[in-house]
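See structure below.
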Amino acid sequence: MKFEVLSSDLLSHLTTISHVLISKNSMPILDNFLFQVQPGILTMTASDGDTTIVTSTTIEDVTGEGSFAVPVKTLIDPIKEMPQQTLRFEVDDDNLEIFVHYQNGKYNFIAENAKEYPLPKPLSEGASHLELSAQTLLSGIQSTIFATADDDLRPVMNGIYFDIKPEHIVFVASDSKKLVRLINNSVKPGFESCFILPKKPATLIKNSISKDMEGAIIDWDEKCARITVGGYQITCRLIEGRFPRYEAVIPKNNINHLIIDRQVFVNAVRRISVFANSATNQIKFELDKNLLTISSQDMDYSHSGIETVTCTYDGAPMKIGFRAGYLIEILNTVNADEVELRLSDPARAGLIVPVQNKENEDLLMLIMPMMLNEF
């Protein structure tokens, strides 16, 4: 078996799918890429046992066809050090010895039998099917993934909840300290369904989508999902269990509204957070008419910071505490010039929304307050 492939194409695809790999596999074969050679097409697969990602690239001067598993480091590390060029692979079908020929050199290694490589089972016949734009999927993941939890006791919080409604799709994530809900009205599924996508495949999808990609396809059943986008197909196990009733925790009567420039806001929070206690990371907001005072103090080191920022606010005077790191994460994720902070009282969750949502989107972020230790 022989074929030629452009080194930059091969490296780009292998680098992307290699992100699924883990350092300690229960099956040694998973330390390999699976290569499947067909006329004009090389299909590459990587898996950690729970999540599998598949992609393909064009090849030339192909002789024969077949499958084999190649060691990840043995293949990818030398190619990283090569300038762009055409690589020629020669595979001995009997003992699976592979020779990789490149400009002024070659190297060889022994491949593994492809029959040992585990592939995901097909989805059930009753699997659901949804088509949407790649950018809709990307926006849903980018807006929510930072709010997912790492909670062994509540695994349903460790992923992104896809709440499929007939007239729209809702992306939700929460770690109980913060919550993100993004409604996208450009998708009209026409049916109801739901699933929880784990954080790892969500990250793989996010890293696989570029701005020039158009369509995405999601197929899923009760246990697994298959996402096809931009030349990549990602199959994963879904998180089993029931996601909490997220709408029930979103307060409906936050009557005190503050509007502020997002970049000015996040920069001020960053500066003042430097002086916050390292254990609590607490900052204090004091709100009065068109004025926001942000302060923090660390008694252990006898230092503090305070800054006043102009804003639009005509609600009741209020003092409320937040964890600075959570607030910065939220403000960095909101893609808007101005944001609105909606509050009711210092003991209830605050809502952060963009003053101007992107077309067909309704983004809402919730952050829990902290009990103030008055300075």
Side-chain angles (χ1 to χ4, degrees), residues 1 3 5 9-38 41-57 59 65-80 89 91 96 98 109-124 127 134 137 141 145 148 150 155 158-160 162 195-209 213 216-240:
M1 191 188 324
F3 62 91
V5 61
D9 287 348
L10 182 62
L11 181 61
S12 173
H13 286 82
L14 292 181
T15 300
T16 299
I17 68 174
S18 69
H19 293 147
V20 75
L21 301 173
I22 56 179
S23 57
K24 294 182 179 180
N25 283 300
S26 57
M27 302 175 63
I29 191 67
L30 295 180
D31 293 328
N32 295 263
F33 295 119
L34 175 64
F35 275 23
Q36 296 167 288
V37 179
Q38 297 172 299
I41 296 291
L42 171 63
T43 301
M44 296 153 280
T45 302
S47 177
D48 65 358
D50 290 326
T51 303
T52 301
I53 180 168
V54 181
T55 188
S56 61
T57 190
I59 52 177
E65 56 183 278
S67 303
F68 51 91
V70 293
V72 172
K73 286 188 170 294
T74 304
L75 180 64
I76 204 171
D77 286 357
I79 298 176
K80 286 180 180 178
F89 283 71
V91 184
L96 293 182
I98 297 179
F109 54 90
I110 302 296
E112 299 285 340
N113 194 320
K115 293 181 180 179
E116 300 178 12
Y117 203 94
L119 295 175
K121 295 179 180 179
L123 298 178
S124 64
L137 180 59
I141 293 174
I145 195 167
T148 55
D150 291 299
N158 298 342
I160 299 172
F162 284 60
F195 61 88
I196 306 173
L197 183 69
K199 185 183 303 185
K200 183 173 182 177
T203 302
L204 288 170
I205 295 166
K206 179 172 69 74
N207 294 338
S208 301
I209 298 177
M213 294 179 184
I217 299 172
I218 307 176
D219 298 284
W220 71 96
D221 58 20
E222 292 183 353
K223 293 187 176 181
C224 296
R226 182 178 64 235
I227 298 94
T228 306
V229 59
Y232 294 91
Q233 186 179 90
I234 298 169
T235 305
C236 66
R237 294 181 185 175
L238 298 174
I239 297 175
E240 297 183 21

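Residues: numbered from 1 along the sequence shown. Note: hydrogens, waters and symmetry copies are ignored here, and every other heavy atom, side chains too, is used.
Inter-residue side-chain proximity for I234 and V20 is flagged as unmet; no heavy-atom pair is nearer than 4.5 Å.
T55 meets the side chain to side chain contact (heavy atoms under 4.5 Å, CB included) test with H13, I17, M44, Y232; sequence neighbours excluded. Residues passing the side chain to side chain contact (heavy atoms under 4.5 Å, CB included) test with P122: none are found, sequence neighbours excluded. With sequence neighbours excluded, the residues that form a side-chain hydrogen bond (donor to acceptor under 3.5 Å, both in side chains) with K200 are D48. Annotation: side-chain hydrogen bond (donor to acceptor under 3.5 Å, both in side chains) contacts of N207 (sequence neighbours excluded): none. The side chain to side chain contact (heavy atoms under 4.5 Å, CB included) test applied to V5 returns F3, L10, T57, I59, L87, F89, not counting sequence neighbours. In this structure, the ring pair (Phe, Tyr, Trp, His ring centres under 6.0 Å) partners of F162, at least two apart in sequence or on a different chain, are F171, F195. Residues satisfying the salt bridge (charged side-chain N to carboxylate O under 4.0 Å, His left out) criterion with D221, sequence neighbours excluded, are absent altogether. For N158, the side-chain hydrogen bond (donor to acceptor under 3.5 Å, both in side chains) criterion is met by no residue, not counting sequence neighbours. Considering only residues two or more places apart in sequence or on other chains, T52 meets the side-chain hydrogen bond (donor to acceptor under 3.5 Å, both in side chains) condition with S47. Remark: D150 pairs with K199 by the salt bridge (charged side-chain N to carboxylate O under 4.0 Å, His left out) rule, at least two apart or across chains.
Contact between L30 and L21 at its shortest, heavy atoms only, is O-CD2, 3.6 Å. Smallest separation of non-hydrogen atoms from S67 and Q36: OG-CG, 3.4 Å. Of all non-hydrogen atoms in A216 and L137, the two that sit nearest each other are CB-CD2, 4.0 Å.
Between the side chain of T148 and the main chain of I145, a donor-acceptor pair closer than 3.5 Å is present. Remark: the backbone N or O of T74 is not paired with any side-chain donor or acceptor of D77 at under 3.5 angstrom.
For residues 223-235, the pairs satisfying salt bridge (charged side-chain N to carboxylate O under 4.0 Å, His left out) are D219-R226, with sequence neighbours left out. The side chain to side chain donor-acceptor pair (under 3.5 Å) analysis of residues 109-122, with sequence neighbours excluded, yields no pairs.
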